[in-house]
Amino acid sequence: MSLENRLELATLPTPLQPMQNLSDKLGGPELWIKRDDLTGLALGGNKTRKLEYMLFEALQQGADCIITAGAIQSNHCRQTAAAAAMLELECHLVLGGHEPGSCNGNLLLDKLLGAQIHWAGDHRKGEDIPLLVEKLQAQGKKPYVVPYGGSNLLGALGYANAVLELVKQSETRFTHIVFASASGGTHAGILAGARLVGLTAQVLGIRIDKLDAPDQPFADKVLNLANEVAADLALEAFSKEDVLLSEDYLGGGYAVIGDAERQAITTLAKNEAILLDPVYTGRAMAGLLDLINKGYFHAEDKVLFWHTGGAPALFAYADAL
Ligand SMILES: *Cc1c(COP(=O)(O)O)cnc(C)c1O
């Protein structure tokens, strides 16, 4: 089974913790949190599980440098830079926009981790990657491209594997699994992993970025990716109805921090001493808190929030917070 073709980059299993204070305060449902902010690789996050599979393939192919792309404060890019440093591979990051005047949060960490940064300026996400590949090849190097957000079949396998970890760790029968969904790999992997182990929990992604890729709506991307994983693991295919995606919490757009995100971040910090991030988990938790408020859950439901990391970006958003 291809689930075994992975490197060990993360410190696993990540903790699974009850959020007792918050559950009591809200009067139910029973809230739990899976701490993938603690995957261990240079301040952690969900991309580490994906990189375990993608970089296994990179090493198999004899790659000596890794290329990926993302936003200035990309957690994905920071974890890719960290994994590359561990594996002694050169790392090239194509970051959106122009070099900012101050360097903090994930960007600071990218530099400390030794990544070479290329500024995309006004070019679209990832547009510059083919040129960079050619340039590195012309220098005699063997680049391996990690897709945006690490969301391809291999990346999603990281989250199918994570569900195996979850059921080994606990016999709690969660009724819902809620998390931030942005490039779709986490969502697709959790769906496939849940089907693999027979979990009946509702898998609910909170959408973070309202922009679709030019070629397909986001829900289709999640469905197609979940079906790639399903085919790989010999599972029954998914249908449109299996992809539950809330689009109610997109706020002012990607990485625009509003009251809902600010409140969710301070609620978790004050009640549970857990640090969410401004872009993804702050928004997803704002969605979960709103759903609780609206009576979406029963008091006896057991709801798992899957923390996907990102707290290093808090410092870069100090003013907005
Ligand atoms: C990338 C990221 C996500 C979204 O995961 P996808 O697999 O891209 O949907 C959620 N939270 C954090 C902190 C992230 O960095």
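Below, all heavy atoms of this structure are taken into account, side chains as well, without hydrogens, waters or symmetry copies. Numbers here are sequence positions counted from 1. Read the numbers this way: they start at 1 and go in the same order the structure lists the ligands and their atoms.
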Item to complete: Answer yes or no for K50 and F56: cation-pi contact, defined as NZ/CZ to six-membered ring centre under 6.0 Å and angle to ring axis within 45°.
Response: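 No, K50 does not lie over the aromatic ring of F56.
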Worksheet item: Can R207 be said to sit on top of Y249's aromatic six-ring, NZ or CZ under 6.0 Å from centre and within 45° of the ring axis?
Response: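 Because its charged atom misses either the 6.0 Å distance or the 45° angle limit, R207 does not stack over Y249.
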For [X], counting its heavy atoms only, list the atoms of ligand 1 lying under 4.0 Å from any of them.
X    : answer
T308 : 10 (C), 11 (N), 12 (C), 13 (C)
G310 : 13 (C)
G185 : 7 (O)
T186 : 5 (O), 6 (P), 7 (O)
K50  : 6 (P), 7 (O), 8 (O)
S181 : 9 (O)
A182 : 4 (C), 6 (P), 8 (O), 9 (O)

Find out whether [X] and [Y] are in side-chain contact, i.e. whether some heavy atom of one side chain is under 4.5 Å from a heavy atom of the other.
X    : Y    : result
Y254 : Y280 : yes
T80  : M54  : no
F174 : K302 : yes
H92  : L136 : yes

Fill in: Residues V145, T68; criterion side-chain contact (heavy atoms from CB on, under 4.5 Å); working and verdict
CA-CA 6 Å; V145 177; T68 199; over 6 Å; no
Worksheet entry | Nearest-neighbour protein heavy atom for atom 8 (O) of ligand 1, which is reported as residue plus atom name and distance |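 Of every protein heavy atom, S183 OG, 2.5 Å lies nearest to atom 8 (O) of ligand 1.
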Worksheet item: How far is atom 2 (C) of ligand 1 from its nearest protein heavy atom, and which residue and atom is that?
Response: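 That would be K47 NZ, 2.4 Å.
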Between [X] and ligand 1, which residue portion shows a heavy-atom distance shorter than 4.0 Å: side chain, backbone, both, or neither?
X    : value
H76  : neither
N46  : side chain
H187 : neither

Practice prompt. Compute the shortest N/O to N/O distance between G184 and ligand 1 and return yes if it is under 3.5 Å, no if not.
Written response: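 Yes, at least one N or O pair falls under 3.5 Å.
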Worksheet item: Below 3.5 angstrom, do we get any N/O pair linking D277 and ligand 1?
Response: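 Checking ligand 1 against D277, no N or O pair falls under 3.5 Å apart.
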Discussion item. Apply side-chain hydrogen bond (donor to acceptor under 3.5 Å, both in side chains) to residues E57 and Y144 and explain how you reach the verdict.
Written reply: CA-CA 9 Å; E57 181 181 78; Y144 179 91; 2.6 Å; yes
Worksheet item: In this structure, are over 12 heavy atoms from other groups packed under 6.0 Å from D215 atom CG?
Response: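 Counting neighbours around CG of D215, more than 12 heavy atoms of other residues, nucleotides or ligands fall under 6.0 Å, so yes.
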Worksheet item: In terms of side-chain heavy atoms, does N75 have a donor or acceptor partner in D277 at a distance below 3.5 Å?
Response: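 Judged by distance alone, the side chains do not pair up.
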Worksheet item: Does ligand 1 have any atom that is closer than 4.0 Å to a heavy atom of G309?
Response: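 The answer is yes, since G309 has a heavy atom less than 4.0 Å from ligand 1.
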